[in-house]
**Student:** 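Here it is: the structure, laid out below.
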Amino acid sequence: MGRQRAIAEEDIKSKLIRKIDDLSSKKSAKYVVYASSLIFFFAFILIPPIAGILENLNKLGAIYYDPSLIANANLAIVNSFIMAFTVAGLDLIAALPLAWFIVRSKMRLVNFIDALVNVPFLLPTTALGYSFLLFWSSRDGIPRIFGAESLVSPGFVLVLLLHFAFSYPVIVRVMVGELLTYREVYEVAARTLGAQPFTAVRTITLPLLKPGIIASFLLSFARSLSETGATVIVAGNFENGSVFIFKNMGKVGEGALVYVSSVLILTSTIIFFLIKLLAPKLKFPIKRASPPIERKLSSYGAVKFRDGAAILVFLVLVIAPSLFVALPVLNAFLDGTVNEMVAGSELWSTFWRSMLISYAVGSTSTLINIVFGLPAAILIARKKLGRATSIIKSLVSIPIIVPSIALGVSLKLFWGRYGFIPELWVIVLSHTTITYTYFVESMSAAIEGIPVEIEDVASTLGAKPFTIFRRITLPLTKYAVFSGAILTFTRALGETGAAKAVVRTKDLQTLPVLLVDWIVNKYATSSQSALGVGLYILSAFIMLLALRFIIRGRKR
Amino acid sequence: MPSIRLVNVTKRFGNITAIKNLNLTINDREYVCVLGPSGSGKTTLLKLIAGIIKPDEGKIYIDNKLVNNVPPQERNVAYVPQYYALFPHLTVIDNVAFGPLSRGLCKEEAYRVSMQMLEMTRLAWRSESLPYELSGGMQQRLALARGLACGAKILLLDEPLGALDARLRVELRFKLKEIAEENDLTVIHVTHDQEEAIIVADRLIVLRRGEIQQEGPPSQVYNEPKNIFVAHFVGGANFFEGFIAETDPYGSWVQLRNGFILRVNETKWKVGERIVLMIREERTEIIKGTKIREEINLLPGTIREVSFLGDFISYEILLDNGDSVNSKMPTLLGIGRFRVDERVYVRLRTEHLRVYPYPPQGLYQELEVI
């Protein structure tokens, strides 16, 4: 009986596949899939934030009657860009030598450093902000060694240190990838022609790696511009655009928020495209060499010094402050806070509810992005829209460029008009907008990696479009789908700015927003905050490990 | 029976015309080699027939049926691209079974047929390996087995031996022909290797800038090249610029540079017409001697370079009029016969000399292989 049932099920399955296969051969079916993904992109990702701002431009007039507010807003906007440029520049200078060390060094230490680089990347930024605050500015942190209350007070420098740390792994990861695919033969050829190792790197390798350098600079720039939760925690009196919106939400009229959001969105988009357009034209100084100086810079001692300095900067400025939060978390276990949590109180029930909301929002927005983002990724990777493909590709990158809290403000204004949409769905939609780019870009890169001939051959062998997708494209990109999904999910889980902007009801606060509230507004004791952050990190790690386990299981 | 016919087919990519108003018929069970330099439109031609790309103009028929709008999966044509495009995540047997399964064959039958194909290509023992675990030659055979397993009778091979080492290339070119004959296949084999094309083809098609320059049996294309490009691209040739000095009922006299005169058998040219003379390298003769000789088509010169090519020896001779001649002779006959700086005569027999009109864009432009 069981066998017959299995055969019947198999039969139904193959019939269904055949039907979908036949359907996929029809042009109309293809058009429906691709058109719906494009409609989704325009209707839910691109137009809402733009329309939200445009429709509310009339509110701008109100802020002109408050000169001090407009002065503060302008200062905050300028601060955002100064911070983003400084951080991206410093990160590039500091992270490139470490990426180099990871790829080129044969020391055993490399594997350990390589694994450690991911730590700040995996920590939710809110947790990172809290860790930095404790490490640099609390009596229990590094100031204790110097007998001081605080070594770096909350403000510009602490924000700089924080942004430097969370953008650092992005640059290292991108540059390690670039260096691994770089064909060292060019560098070797340069050296056989008499160039010092330093000269060969400066004149051959770095110019060839320029696209990667520009990409990592832009990622770091965008990440600094967009981060909200952690920045609010360590900002003190310093205000950039995101902090300004966060602090003034509900306190000032919507005009000021619309003003800052629109300027941030517009300026960041312009700067992004300007950099993308002009940076490739920047020339490296390759026509001159100074053999005596460059010989010294290539010497064993100089190389060791560079590696040592890179590792020291990484350990002291990135890793130690990032992991510091483990100590107060441990303390929370010892001082009875854990018992209080287990016993349950209103504070902790709010915490668990927020965690549930965060996970629900993260997974739903990831799912939506997979369903609608995958066809869009195929459209981009296979250039199915001809010349319009590059325009769509550029438009897709916009949500990643603009500060998420500014996006949140405009999304709140847009979706707010449709009162019938439940607030939770507005939160989901805003997280979907913020994370859309991460999924589509990682997927289109993965699909581009599959030679188009493989799909061509499959079609000449008789496979219909759905079979090609099911048996060729998907199996070859399934790890990319998983990693894209993980990236999207963790980004959604860590998002503070947009979540803060769109949440109206306290009951629907996501976890990062709640934790920032606990820390900044001191709604919880430091021990409770530490435990909350610890549990947040733990849950994120468990989730990531589980997903990794699933992926590995499937690989086997 | 699987025949292919292209009628006035044109394919453009932006401003570039890859295939220009091409007309071509390929008969059932014919083994056709398409020869041409890079960028001549060879791969585009295969993709058009496979249905991977559509023509901008013209019609494509397979088995006398118009297939312009038939998708690749319904053309029953096996396409083997240049680097094989083996599915990296599927085992050897799964790669081969992909086609039959996609065409709706049941699992048992699909794997039975696939195993047969693997046996034919001597890969059955590696059926559970992944493609990257195979050698270059095995990968090539796997691509072939995969193409044949779905029952296609038309095989399109894009530089099938290009990625292999020289020895394997020689071995496999015969194997390809053998498989095609055993399975009654119609094959279009694209290559830029003239030797490979001449050896395996029933018919040779020379393509340049999307246009057919000449087609016919390999011996005909080699011996009677229709134009300077074909003469240059298929086999080694010497070219001399000149003009017709005199004609008579039996032939013509051609004036080369610095007063050198050659006799040719052709009579269709007008006096004063600018022409190019061609002679194959191996059809030139070198004769020792410094004495002045009054025979026709015997040109004095000096050996400039001697190159050992294995089976052949190649001599470069600078003629006294400033022209240069390459002469190839079997190593057994040629080794040690002449040395550099030796004075010699070069004999260019009238029956081996072919005459072409001088190309409007100049000889060197015409010889460019792009």
Side-chain angles (χ1 to χ4, degrees), chain A residues 6-7 10-11 13-30 382-384 386-390 446-447 449-482 551 554-556, chain B residues 13-14 43 46-53 62 67 69-90 94-107 110 114 117 131 142-152 154-159:
Chain A
I7 291 171
E10 188 67 25
D11 197 35
K13 202 174 143 192
S14 60
K15 269 184 190 163
L16 186 71
I17 288 173
R18 223 173 299 138
K19 279 213 163 154
I20 303 176
D21 241 345
D22 289 341
L23 198 66
S24 71
S25 297
K26 289 183 181 155
K27 269 187 182 171
S28 52
K30 264 191 254 175
R382 294 296 182 226
K383 297 185 175 63
K384 286 187 187 277
R387 284 182 188 170
T389 307
S390 56
I447 296 169
I450 308 175
V452 74
E453 287 81 13
I454 286 193
E455 288 172 357
D456 287 345
V457 165
S459 69
T460 65
L461 292 172
K464 290 176 177 164
F466 180 65
T467 299
I468 297 175
F469 176 75
R470 192 171 55 87
R471 294 209 52 209
I472 306 296
T473 317
L474 201 59
L476 286 173
T477 53
K478 70 178 171 192
Y479 307 116
V481 175
F482 275 115
I551 295 174
R554 284 180 182 242
K555 255 186 187 174
R556 264 184 226 121
Chain B
F13 296 104
T43 300
L46 290 193
K47 286 186 172 177
L48 282 166
I49 297 169
I52 295 163
I53 50 173
I62 293 178
V67 293
N69 290 317
V70 176
Q73 63 267 24
E74 279 156 34
R75 291 198 182 188
N76 213 12
V77 166
Y79 169 56
V80 181
Q82 195 167 2
Y83 294 101
Y84 317 137
L86 298 170
F87 306 135
H89 59 305
L90 301 182
D94 288 338
N95 257 283
V96 181
F98 181 89
L101 287 171
S102 295
R103 287 183 194 272
L105 231 67
C106 72
K107 218 170 175 179
S114 304
M117 291 302 146
L142 172 57
L144 202 63
R146 187 180 63 176
L148 297 175
C150 55
I154 294 175
L155 189 59
L156 307 177
L157 304 169
D158 192 357
E159 302 271 6

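In this text the structure is predicted, and so the values were computed from the model without any measurement. Every chain is numbered from 1 and lettered A, B, ... according to where its sequence line falls, protein lines coming before strand lines.
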**Student:** Which heavy atom of Ala97(B) sits nearest a heavy atom of Ser114(B), and at what distance?
**Tutor:**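 In this case the closest contact between Ala97(B) and Ser114(B) is CA-OG, 3.2 Å.
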**Student:** Check whether Ala50(B) gets within reach of chain A through its side chain, its backbone, both or neither, counting any heavy atom under 4.5 Å.
**Tutor:**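 For Ala50(B), the contact with chain A is made by backbone and side chain together.
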**Student:** Side-chain contact, heavy-atom cut-off 4.5 Å: Pro131(B) with Asn95(B)?
**Tutor:**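 Yes, at least one pair of side-chain atoms sits under 4.5 Å.
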**Student:** For the candidates Arg18(A), Glu455(A), Arg471(A), which exhibits the highest count of non-hydrogen atom pairs separated by less than 4.5 Å from chain B?
**Tutor:**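 Top count of heavy-atom pairs under 4.5 Å with chain B: Arg471(A).
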**Student:** Measure Leu86(B) against the heavy atoms of chain A and call it side chain, backbone, both or neither at under 4.5 Å.
**Tutor:**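 Interface part for Leu86(B): backbone (N, CA, C, O).
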**Student:** Which one of Phe98(B), Tyr83(B), Tyr84(B) has the most heavy-atom pairs closer than 4.5 Å to chain A?
**Tutor:**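 Of the options given, most contacts go to Phe98(B).
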**Student:** Does some side-chain heavy atom of Ser459(A) sit less than 4.5 Å from a side-chain heavy atom of Pro71(B)?
**Tutor:**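 They are not in contact (no side-chain heavy atoms under 4.5 Å apart), so the answer is no.
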**Student:** So, do Asp22(A) and Lys464(A) sit near enough that their side-chain heavy atoms are less than 4.5 Å apart?
**Tutor:**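 Touching, per the 4.5 Å side-chain cut-off.
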**Student:** Do you know which of Pro475(A), Ala463(A), Pro465(A), Ser25(A) has the most heavy-atom pairs with chain B at a distance under 4.5 angstrom?
**Tutor:**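 Highest number of heavy-atom pairs under 4.5 Å: Ala463(A).
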**Student:** To check you understand the geometry: which heavy-atom pair defines the closest contact between His89(B) and Leu476(A), and what is its length?
**Tutor:**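 What the structure gives for the nearest pair is ND1-CD2, 3.3 Å.
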